[in-house]
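Below: one structure, written as structure tokens.
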Number of protein chains: 2
Amino acid sequence: MKNHITLKELAKQLDLSVSTVSKALNDSPEISSLTKKRVKELADIHEYFPNSFAQGLKFKKTRTLGVIVPAILSNFFSMVLDGIEEKASQLGYKVIICISKESIQKEKQAVEMLIRSQVDGILISPSKETQATLKTDHLNLPKKFDIPIVMFDRLIEGIEADKISINDTLEAELATMELINSGCKQVCYFSGISNTSVNENRIEGYTKVVTQNDFEPKILEVNCDNFPVAELKKLLKNKQLDGIITSDELTTILTARNILGCGYTIPHEVSLIGFTNGKMGETFIPSLTSIDQKAKEQGELAVSTMVDRIEGILPPEPVSFILKAQIIQRDSTRKFGIKDDAFV
Amino acid sequence: MKNHITLKELAKQLDLSVSTVSKALNDSPEISSLTKKRVKELADIHEYFPNSFAQGLKFKKTRTLGVIVPAILSNFFSMVLDGIEEKASQLGYKVIICISKESIQKEKQAVEMLIRSQVDGILISPSKETQATLKTDHLNLPKKFDIPIVMFDRLIEGIEADKISINDTLEAELATMELINSGCKQVCYFSGISNTSVNENRIEGYTKVVTQNDFEPKILEVNCDNFPVAELKKLLKNKQLDGIITSDELTTILTARNILGCGYTIPHEVSLIGFTNGKMGETFIPSLTSIDQKAKEQGELAVSTMVDRIEGILPPEPVSFILKAQIIQRDSTRKFGIKDDAFV
DNA sequence: TATATTTACGTAATCGATTGCATTATTAAA
DNA sequence: TTTAATAATGCAATCGATTACGTAAATATA
């Protein structure tokens with residue numbers, strides 16, 4: 001076989017013109033049903049399918065979406081990608097995935113590559129560097145070429161894009177309240193994702209609730225390669241910490257591990273709620289109460305929104321969807337109203 | 001801007017023919033350096049880059065690779081993908097990712113889609129279903145269109161493809177020996193990835209070593225949604241189990257969790273070595289001795305092999321690369337020669 | 001029978017870039 | 001000054017599919 005069979009080749013074998021063959025395959029009313037049948041049969045035999053370059057050249061549509069994520073070795077983004085791939089393949093779209101590694105430079109290259117590849121749309125969750133520096137020129141590039149953007153999870157104001165996220169401020173409030181209601185007096189926020197919009201929104205929500213409860217907000221920055229054990233120990237020793245909200249799966253696990261490592265118990269001495277509900281938290285001992293950020297749903301919604309945008313179903317101005325997250329109760333928090341829960 | 005600027009447009013503005021402009025941009029010796037300069041300057045101003053469909057139509061090359069993996073919510077495959085993406089973007093290739101969800105049906109659709117998309121090559125780790133049924137017609141399709149295949153991790157005999165993997169048989173042998181050397185008498189193999197070549201190879205290696213040591217091989221199939229706790233309990237109670245090799249990250253964690261849940265200690269009563277070295281095992285308490293399958297390296301090597309194949313650097317017959325895995329010593333195994341290691 | 005309609009198909013342009021083969025302009029050799 | 005050689009550019013075909021438009025044959029209407 002070697003090469004894909006072309007319309008020209010089919011036409012020659014059928015002693016018809018290329019245009020007739022094309023019309024027959026596309027069920028044009030101009031073509032007699034007999035001819036259609038002949039053409040389709042031969043096409044089937046040769047497993048004909050249209051050359052996508054030729055079609056792309058004609059229609060300027062690729063049915064391909066570009067996706068840019070900061071990382072793939074993250075439960076959250078893996079789940080988003082899972083949702084994206086599933087929905088896209090359902091809707092007949094291909095997906096080109098790029099990983100920015102939190103670098104604005106790589107992100108820019110990815111954007112340019114995707115534009116060059118003529119993707120029909122770009123789904124992006126910007127890198128930390130982009131969110132920190134707010135250098136967003138490269139994110140304005142796609143719309144110059146009429147390529148729509150959907151941003152998810154991490155959002156940036158002032159970019160013309162549809163937006164999918166959860167309400168991080170609200171969810172942080174709810175998580176903080178949850179801890180306070182379960183008896184915590186000194187709730188801290190441990191962040192491993194500084195310089196993201198997501199993080200700032202959560203700090204806002206967290207801060208609001210703790211200050212309402214007369215507690216000075218305390219935020220610890222966690223570098224996952226180098227956990228600040230000393231500071232944690234000090235807080236624990238001085239009894240300045242009995243509840244923690246953590247920003248992401250890895251930070252959650254590291255925090256939990258170090259609390260246990262310091263000889264304190266979870267949830268009795270320290271309660272913990274972590275953003276991102278993944279296998280790691282679920283299988284940790286004790287299992288960790290987590291905030292399900294609806295990662296897969298965000299991915300699916302990002303794709304379906306993008307496809308609606310491409311197909312012109314959406315109004316011209318950008319739309320925003322905010323999904324409701326959910327606290328998954330497990331064993332790193334004490335149950336509301338129960339003084340001292342048994343260790344399960 | 002709206003639309004990409006074309007050669008025709010540049011030609012009009014420069015009052016040159018399209019072919020001259022094209023040749024100038026491609027540094028043809030036919031074109032005077034003055035004209036080249038003029039052309040390139042205008043092209044820069046308008047941020048010209050060639051339309052990839054038109055080029056694809058001409059050259060039949062897309063600089064795009066297709067990747068099919070059984071899952072993305074798996075530390076192993078995430079790491080492979082990370083390696084694939086990184087190496088591909090280094091070499092100037094795009095990557096379309098498809099997820100088969102262990103289904104032969106989805107895998108077939110993915111293959112067809114990738115062929116239709118005219119990718120330059122396909123990287124695949126086949127689904128369980130494909131490996132179990134050995135229905136591999138769809139995997140012979142790409143070579144009919146001269147699209148090369150690189151298989152990684154899970155391999156299938158009789159398919160014309162370059163192959164990247166570790167030596168699972170050997171690594172299972174080594175892991176089993178490691179447990180036996182550390183004092184285990186009854187080493188079992190817990191598998192969560194039945195019906196894969198990888199699994200069978202490991203069983204072979206495991207079986208060889210335990211039978212050499214006069215122990216009847218014992219293999220437990222683990223369904224990650226429904227861990228066989230009762231059977232585990234029975235084995236533990238009857239003292240038929242003091243060492244376990246596990247097949248993948250999730251199985252490892254679930255096994256560890258359930259051993260602890262049953263009231264036994266790790267590594268004192270049961271030692272554990274798990275395939276795949278990921279964050280989950282690293283952060284578990286106790287941290288888990290793991291086999292680093294060189295996931296990222298497999299991904300990188302798969303890409304560079306594919307690119308060599310595409311560029312005609314490799315000999316016509318398929319090549320195989322076998323990477324050496326590595327046991328990462330942690331706290332779920334007793335140290336060799338030390339009777340009873342302190343719990344860290 | 002002459003004209004109008006319909007049916008069925010072919011011609012040729014188009015999308016954008018590349019390239020072998022003219023063709024013209026310029027310079028060098030005779 | 002005429003011819004030969006070289007340099008610089010344009011023409012036109014090509015890749016494969018689509019589609020507006022043109023044309024021939026078959027049927028319907030007057």
Side-chain angles (χ1 to χ4, degrees), chain A residues 1-40 42-44 46-64 115-120 145-146, chain B residues 1-40 42-44 46-64 115-120 145-146:
Chain A
M1 198 177 297
K2 291 295 167 196
N3 265 317
H4 299 212
I5 192 164
T6 65
L7 282 189
K8 192 197 268 187
E9 188 61 30
L10 287 177
K12 195 196 291 175
Q13 291 188 31
L14 290 160
D15 196 31
L16 287 170
S17 76
V18 173
S19 73
T20 304
V21 176
S22 171
K23 287 172 188 167
L25 289 172
N26 290 310
D27 261 327
S28 158
E30 293 181 73
I31 306 298
S32 72
S33 46
L34 175 66
T35 307
K36 279 183 190 171
K37 193 162 157 266
R38 284 183 61 219
V39 171
K40 286 180 180 173
L42 192 69
D44 275 352
H46 290 296
E47 300 186 50
Y48 168 84
F49 46 81
N51 180 304
S52 54
F53 297 128
Q55 282 193 325
L57 200 52
K58 262 309 229 198
F59 299 130
K60 320 205 173 215
K61 287 279 166 243
T62 51
R63 291 194 85 79
T64 302
I115 293 176
R116 236 190 298 275
S117 302
Q118 250 117 334
V119 294
D120 295 343
F145 295 100
D146 267 345
Chain B
M1 199 178 295
K2 290 298 164 194
N3 265 317
H4 299 212
I5 192 164
T6 66
L7 283 189
K8 193 197 265 185
E9 187 62 30
L10 287 177
K12 195 196 290 174
Q13 291 189 31
L14 290 160
D15 195 30
L16 288 168
S17 76
V18 173
S19 70
T20 303
V21 174
S22 171
K23 286 170 187 169
L25 290 172
N26 290 310
D27 261 328
S28 158
E30 293 182 78
I31 305 297
S32 72
S33 45
L34 175 67
T35 306
K36 278 184 190 169
K37 194 162 157 265
R38 283 183 62 219
V39 171
K40 285 179 180 173
L42 192 69
D44 275 353
H46 290 295
E47 300 187 49
Y48 168 83
F49 47 79
N51 180 304
S52 53
F53 297 127
Q55 283 194 324
L57 199 52
K58 263 306 227 199
F59 299 129
K60 318 203 174 214
K61 287 280 167 241
T62 52
R63 291 193 84 81
T64 302
I115 293 176
R116 235 188 298 275
S117 303
Q118 250 117 337
V119 294
D120 294 343
F145 296 100
D146 267 345

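Sequence lines set the chain letters: A, B, ... in the order given, protein chains first and strands last, and positions in each chain run from 1.
The residue A:S32 sits close only to the backbone: its heavy atoms come under 4.0 Å of sugar-phosphate atoms, none of a base. Nucleic acid contact for A:K8: sugar-phosphate only, since backbone atoms but no base atoms lie under 4.0 Å from a heavy atom of the residue. Residue B:S22 is classed as a base contact, given a heavy-atom separation below 4.0 Å to a base. Residue-level contact check: B:E30 touches the bases, meaning some heavy atom is under 4.0 Å from a base atom. Across all strands shown, B:T35 has heavy atoms under 4.0 Å from sugar-phosphate atoms exclusively, and none from any base. Using a 4.0 Å heavy-atom cutoff across all strands shown, A:T6 reaches sugar-phosphate atoms only and no base atom.
For the pair B:L25 CG and C:dT19 C1', the interatomic distance rounds to 15 Å; values are reported in whole Å. The interatomic distance linking B:F53 (CZ) with C:dT14 (C1') rounds to 16 Å, in whole Å. In this structure, the CG atom of B:D27 is 13 Å from the P atom of C:dT19, given to the nearest Å. Nucleotide C:dT19 holds its C1' atom 15 Å from the CG atom of B:L57, rounded to whole Å. Rounded to whole angstrom, the span from the CD1 atom of B:I31 across to the C1' atom of C:dT24 amounts to 14 Å.
Along DNA chain D, the stretch of nucleotides lying under 4.0 Å from any heavy atom of chain B spans, 5' to 3', D:dA8 to D:dG16.
Side-chain atoms of A:Q118 and A:T62 form no donor-acceptor pair, as typed in the model, at a separation below 3.5 Å. Counted by atom type alone, A:H46 and A:Q13 present one or more donor-acceptor pairs between their side chains at under 3.5 Å.
Between A:S19 and B:A54, the residue anchored nearer the 5' end of DNA chain D, judged by the nucleotide with its closest heavy atom, is B:A54. Map B:P29 and A:P50 each onto its nearest nucleotide of DNA chain D; the residue landing nearer the 5' end is B:P29.
Note on ring orientation: taking the six-membered ring where Trp is involved, the planes of A:F145 and B:F49 are tilted (angle from 30° to 60°).
Screening B:I31, B:L10, B:V39, B:L42 for a side chain to side chain contact (heavy atoms under 4.5 Å, CB included) with B:L16, the sole residue that qualifies is B:V39.
To the nearest 0.5 Å, atoms CG (A:L25) and CG (A:D44) are separated by 9.0 Å.
Side-chain atoms of B:N26 do not come within 3.5 Å of backbone N or O of B:S28 as any donor-acceptor pair.
Taking 4.5 Å as the limit, every side-chain heavy atom of B:T20 sits out of range of all side-chain heavy atoms of B:K23.
In terms of polar N and O atoms assigned as donor or acceptor, the side chain of A:K58 comes within less than 3.5 Å of the base of C:dT14 in a complementary pairing.
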